[in-house]
Each structure stands twice: as C-alpha cells, then as structure tokens.
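So the structure is just underneath, and the comments pick up after that.
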Amino acid sequence: MIHDSGLAGFYQRLRSQEKTLAPPPESPADMEQYDLPEVQQGFVRDLPDGRKEAHLLVEGIHCAACVWLIEKALAGLQGVVRAEVNLARQRLWLQWDPAQVSLSAVIRRLALLGYAATPFDQENAEGQMQRYNRRLLFRMGFAGFGAMNIMWISIALYAGSFSGIETEYKQFFHWVGFAIATPVLLYSGGLFLASAWRGLKLRHLTMDLPIAIGASVTYGYSLWRTLQGTGEVYFDTVVTFIFIILVGRYLEAMAKRNASSATLRLMELQPRMATRIIESGEERVSVRKLVPGDRLLVRPGDKLPADGRVLSGDSHVDESMLSGESYPQHKIAGSRVSAGTVNGEGVLTVAVEQIGSGTVLSRIIHLVEVAQGSKAKVQRLADRIVPWFVAATLLLALLTFGYWLRQDFDTALLVATAVLIITCPCALGLSTPMAVAVAAGAAARQGVLIRNGEALEGLSTVDHVVFDKTGTLTEGRMRVSRIYAVADVNENDLLRYAGAVERNFSHPLARAIVQEAERRGLGFAGTVQVQALAGMGVGGLVDGVQVWLGNARLMTQQGIALPAELAARQQQIENGMGVAVLLAAGGRVLGILCVEDRVREGARELVDLLRGQGIGVTLLTGDSRRAAEQLRQRLGEMHVAAEVMPEDKSREIAALQQQGRRVLMVGDGVNDAPALALADVSIAMGSGTDVSMECSDVVLMGSELRKVPYAIEVGRLTLRTIRQNLMLSLVYNAILVPVAMAAWVTPVFAAIAMPLSSLLVIGNAVLIRYRMNRFFSRQPEVVYQQRLQGGYST
Amino acid sequence: MSVIYGLIPGMILLGLVSVLIFFWAVRAGQYDDLEGPAHRILNDDDIDDHGSDEP
C-alpha cells in the first residue's frame, strides 16, 4: 500500500518533471476549456453549498486496483470533496470545491496516472467505450494472428523433436518464433506491460503485474535459449496466453457493458426530436434546442420529449418506465407530464417546463448512476485485499519456482508462470460492483430507485419495518368517500352547496370537498358573507340561503337539530378513520359528507406478507388512538404508535434500534426526514419530491405497496449474490493455485481458466436481474392469493 | 528443405495481410454492433422515423 506521504512525494517528483516525463494526453489549453462556465454548463451540476459535481468518463479503468489508485490519488488533491469510481461504467463521480481546485487540475492529475478523463455525456461515453473495445479488439486480433502462425512453428518443432530435425532448421524455427512473439508481446501484451509498469512506478501492485511478469520472463528465457542455440523455447506459450487473456478481457468488457446498461436504456427513453408549435405551424427540432415555455405537439404513440404541463388535449400516458405504475395515467389540461413517457391515444399540446438534466428522467438516471458507482462496505474490503492478493501470488510463484528448480529450470519456469497467470484477483474485485450495478439497474426499471450500495446491504438485514401512516399505507390525501343525504335531497345538490362555501377556504377538508364537486362537474353558485368559526366549521349565503358546514358543535350553536339517523351515521364515521362534515341549509341538516384518507390497495397484504417473513411492523401516526386502533383492525396485527408528533417519529425509531432491531422506515418524505435519516434504511414513497430523494436510501417512483417487499428482496438477493461471488472467487483460487503449483496445468490452460472465473462472477451477478423479474410474476398470484384466502378471518 | 526459407516468411506475410484486413474491418465499425445490422434490414426507411435522427 502506498502511504499518503509516499504518494505525495511521488507527485512532487513527477510535477517537477511534468513536461518531460508524462505529457498529458491533451494540450493544457484544451484542458483549461473545462473550467469555462459555458463548457461546464453541459455536464456540471452546482450543489447548494457552492461545490460542484460532475461525472467523468475515465478511459482505462479495468480492475478494482485502478479504482483504488484513482480514488487514493484524488483524495490527496486539495479541494476534491468526493471521488468515487464506478468500475462497471468506467465513470468517476467527482465533487469538488471550485474555490480550491479547478476541474482541469483534476483531469491533469488523472492524466499523470495514465488515465484519460473526459466529461461525461451520453454520445461521448459510447464513443469512448467503443474506442477502448476497439483497442482491445485490435490487440486481440493481432495476438490471434500470432497464435495461429506460431502454432505451425510449434507443430514443426514437435514433429522435429520426435523424428529428428537438423539444428539449422530448428534454429530457424526458433528465430521465426521470436519474430512472431516479439510484436505480439510488445503490441498485444503492451496493455498489461504498460499497466503493470504504471502500477510499479506508484509502488502499487496491480492485477496485470503477474501477467506481465509471466509473459516477459518466459519470453526472456526463450530469447536467451535462442541466442545460445540450445534447449527448448516457449514463444508459443507467450503468444497463446496473451491471446487468450485478451479474449477473456474482451468478453469481460462486453459482459460488463451489457450488465450495467440499465442507465443507457433509461437514456434511450428520451427522444431526440420534438415537434414544436410555432406561429407558422409546426417544426421538428432537436430536443436540445427546446427552451422552457416552448409549446410542443405530442401525437399518439410519441414519446414526450420534455417535462411540462398539458395545455390542451385529453389522453392516457404510459408512465410505467418512470414509476413502474402499470396503468396509463389520464392526462388533461393542467396535468404534469414527464420526458420519456409514452403518449396514448390522444393528441396533447404541452408547455415545456424542464428540459435536459432538469427532467424527472434525468434525475432518475443520476440517482441510478450514483448508486451503481457507490460502494458497499464489503466492496471497500475487497478493494483493499487486491494488492495483498497480488503480493501473495508473486510470493507463491517464487516459492513454486524455487521448489521446481531442483528438478530443472524449464519446468520451474513454466510452473511459476502458470501460478502467476492462474491466480485471479479480478473475480474478487468484480464480485461486488457488478452485483450492485445489476441490482440497482434492475430495480430502477421497476420504479424502485436504490441510491447506494449500502442501502442494499441494509435492506438485506431489515427485521422491523416502521410505516409513517400518511402517504404510505394510506393515500395521504383527504377525499370525500361517501355522501349521506336526507331522503328528499339529491347528493349533487348537497355537494353544490358545500362546494360553493368551501371553495373560499384552503383547509384540507375544504379542498377535498371542492375537488369532489369539480370531479362531478358541478358548477358553483356565488357565495356571500363567508365566515369561518374556529374549531367548528364554516358558513355563507348561497343564492340567498344560509348554509353551514361543520361538526355537531356548530349545529348545536346554530340551534339546528340533528336527526337521529344522521347522528348514528356521524358516530359511525368518526369511529372509523373519517371526518364527518355536517351540512345544514335553511335551518335544517341536509346530510353528511364523509371525508377520509383511504387505505391504499394492498396495505393489508403487505402487512401480512412482512409478518409472514418474521419482520416486525410498526405504524406511526399522528391520529387519535381510536382512529389508529381502527386502522389496525383493518390492516392486521401490528404495533401502533398513535398520537406521535412529527418530531417524535425519530424517537420511536431510536427506541426500536436500542432493542437491537434493524429498522426500515417507510415514509412519504414530507415531514419525516429526520426519521428517514435515522433508520438503518429508509424508503420514500410515491411523491418523488426532492426532499424525499435527498434523505432516503430508496425512492419508490410509484405508490404500489408491493414495491416495499420487492426492495427488501432485492437487497437480500444482492447480498446473497455478493457472498456467492466472493466464495466463487476464493474457491477458484483455493483449488487452482495448488493445482498450478503442483505442475498439473500449463500456462495456456491457466490463461483459459483465469477469465472464466471473472465471467462466472459477472454471469452470477447478471442472474439477479432474472431472479428479480421472477419476483413479480410469482408474487401477485401465489402470495397474494394465499393472503386473500386465508388472511381475512380477523 | 531450403524452400521453407521462402515459404515461412510468405506465410507470415499472408497472415499479416489478413490482420490488416481485420484492422480495417474493426476500424470501419463492423464489430461495433453485432446485433443491430441483423434487425436493421427489417426497418422500413420510408417511414418518418422520429427516434433515430440527429447526428
């Protein structure tokens, strides 16, 4: 490990010789452009505290050791607040303080390490990735050519050694082998040599070092034998194993790209062109040319190009890609629409409000990317192990060499090379980031946004779930659920009176009543002399009739008698979770409006499911004890903490944690931020507001409750996969290293086995996606049916 | 037997030619997308396709 001081010393030396030793890949003038505000506008986000944040695409990251190296080196730079590398996406997530360090300085520092960094934007990312893959492909192709040709030479030599060969020809074949192996080692193997050398310069052991040593030692020995003109040469071994390792690397790059392509897929949701309405008609423009305030025409089947508000039109919009909500949402004038969603049957005219990085889609992509790059604790451990692992490999190879040297030099060399090649810290380094990236990507497509790797770890160990009632188990919105009118009065007349008075107020009850009236398309009469009586209700003159709306006390105060039938109804409503609003007009009570916050669909099943898994459930609510008890009877057995003030919610969680519980808090993020922050893991539901996104670990884009057990399942599955992967790579090494040391495998076989272990780990991670997809196909039928049949006896 | 002094360099030369062809193919982007072209033939290009424009 490099000590901080050692690293700094290295850089001081390097900086003094910067011009001669390591010219940055781009001229300094080009880099300064990244500091210009106009240029930064495209990819830099300003954070509230004055710092800045950007994602850089870093070329050349291919192992966990690179990650460690870059993070360590940048952490030493004054003003860099955060630098996290995403291995799967080859991205660097950077937060810095522009007052202390410029972006160009960071990029230059990366260039010194040998990594080319460019600001990330979608098209560029694909280009960079392609360039890296192409470079791999070139080298692989060349090594393949070398391997094919040198095979003929080897066959000739083998045949010669059986049937006798003149020294002259044997020597010639050796030189041909040399002529093929040299360019292959320098060009194709150059990747490993350069990377190992870079690591050595920084006194850091990279994964490419054993490969580089194995290849060059075998090559050097063969060259020496060729010059001497005696003995066997192993040029074919060098060439073949470089070829095979490159094939492995290439497959790995492909698999990695596919495994974590969720973000790319999300980006593909965003259309590139839009139809803008202008005075002379309409025009097709690039989405990037749109500005807030533009009016867009969205035809049936089109994707929405930007976030905005519907000006006119009537249609259903499929938002499943954003929220996981399976039913198309009805959109009329005034509704909000989001970029990337698909318009249904009608034509919509939309006023643009947010474009580009301001859209909900972009925010989701941002969250997913951060999560894919972030590290679970397990990962930090793996990152630290890698250098030791390499050191152990070198030591083992040396021991093996020493042991077999007693037999003969040739065997000792080949066996030591096989040991160097067969040990593979790659699988160890890949196991966690791949699993996290795949899980975060798969969950995002279900509308479950996981913000970091630690959230996955937390979710897997949860044994107690705390719900904040409003907005989670209930819809969090007051609605008129029933209207009881006296015999000779029409429900709509009742509502028309109520709406006429209530629309002058902004109390939640008033809004619920007005909304219901509007929903039914009722017009309102003019109202005069509106008044509010605190704690009782409101009143006003509608068409000359005195109307009162409120509780029983108001009626008593106004001297209006409440018929016995309605009084019983009122009692019934108030015993439940609702609020009974009495309406009196012209001196007599006409009816009752029942306003309540409805229990969400699936709440009961959710509680049963969690309890079935042995997870404790607590409900926090500010409601009265009686209402909370009522709710409990409808939702099943759970602990209810009633009359909890918003600021006391976190105390409930602390109490549970003191009992040794791992607490998952589910809230709507509006007034429970402290509780969400305190819980071991937190899920914010539905709203997708900025507040909830900031303070919780998991954000549900939709409001389907079954996404909660889904999230827990994702966490468990991911952790299980990570453990499997670590085991896989350890078992692989534990079996094959002794085999190699015992001289049972050749270096070429070792070169085949090594990438296989990496691919196995990647493959296992990709399986998360399929296992999680099964969750929903299994869940609704089996589990929910069981609950329906057996669970409603209470 | 001395013919191999000519044949083997010839073989390597031919091999190099195929490597150059391979390099050209990679550079021309033939390996960038191994799935897309198979589907591309099914796309009608005379329909106004508003997903895939803009350079």
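Any value given below was found using the heavy atoms of this structure, including those in side chains, with hydrogens, waters and symmetry copies removed. Reminder, nothing fancy here: chain letters follow the sequence lines and each chain counts from 1.
Counting only heavy atoms from C-beta outward, the side chains of Ile8(B) and Trp152(A) never approach each other to under 4.5 Å. Side chains of Phe23(B) and Phe142(A) form a contact here, defined as non-hydrogen atoms less than 4.5 Å apart.
Residues of residues 177-185 of chain A that come closer than 4.5 Å to chain B, counting heavy atoms only, are Ile180(A), ordered by residue number.
Of the two parts of Phe172(A), only the side chain, counted from C-beta on, holds a non-hydrogen atom closer than 4.5 Å to a non-hydrogen atom of chain B.
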Exercise. Between Ile12(B) and Phe145(A), does a side-chain contact (heavy atoms from CB on, under 4.5 Å) hold up when you go through it step by step?
Worked result: CA-CA 9 Å; Ile12(B) 291 175; Phe145(A) 146 79; 4.3 Å; yes
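For the atom pair Tyr5(B) OH and Glu168(A) CD, the distance stands at 3.5 Å (nearest 0.5 Å).
Arg27(B) and Arg134(A) make their closest contact through O-NH1, 3.4 Å (heavy atoms, listed as atom of the first residue, atom of the second, distance).
A search for side chain to side chain contact (heavy atoms under 4.5 Å, CB included) contacts involving Tyr158(A) returns Ser154(A), Asp236(A), not counting sequence neighbours.
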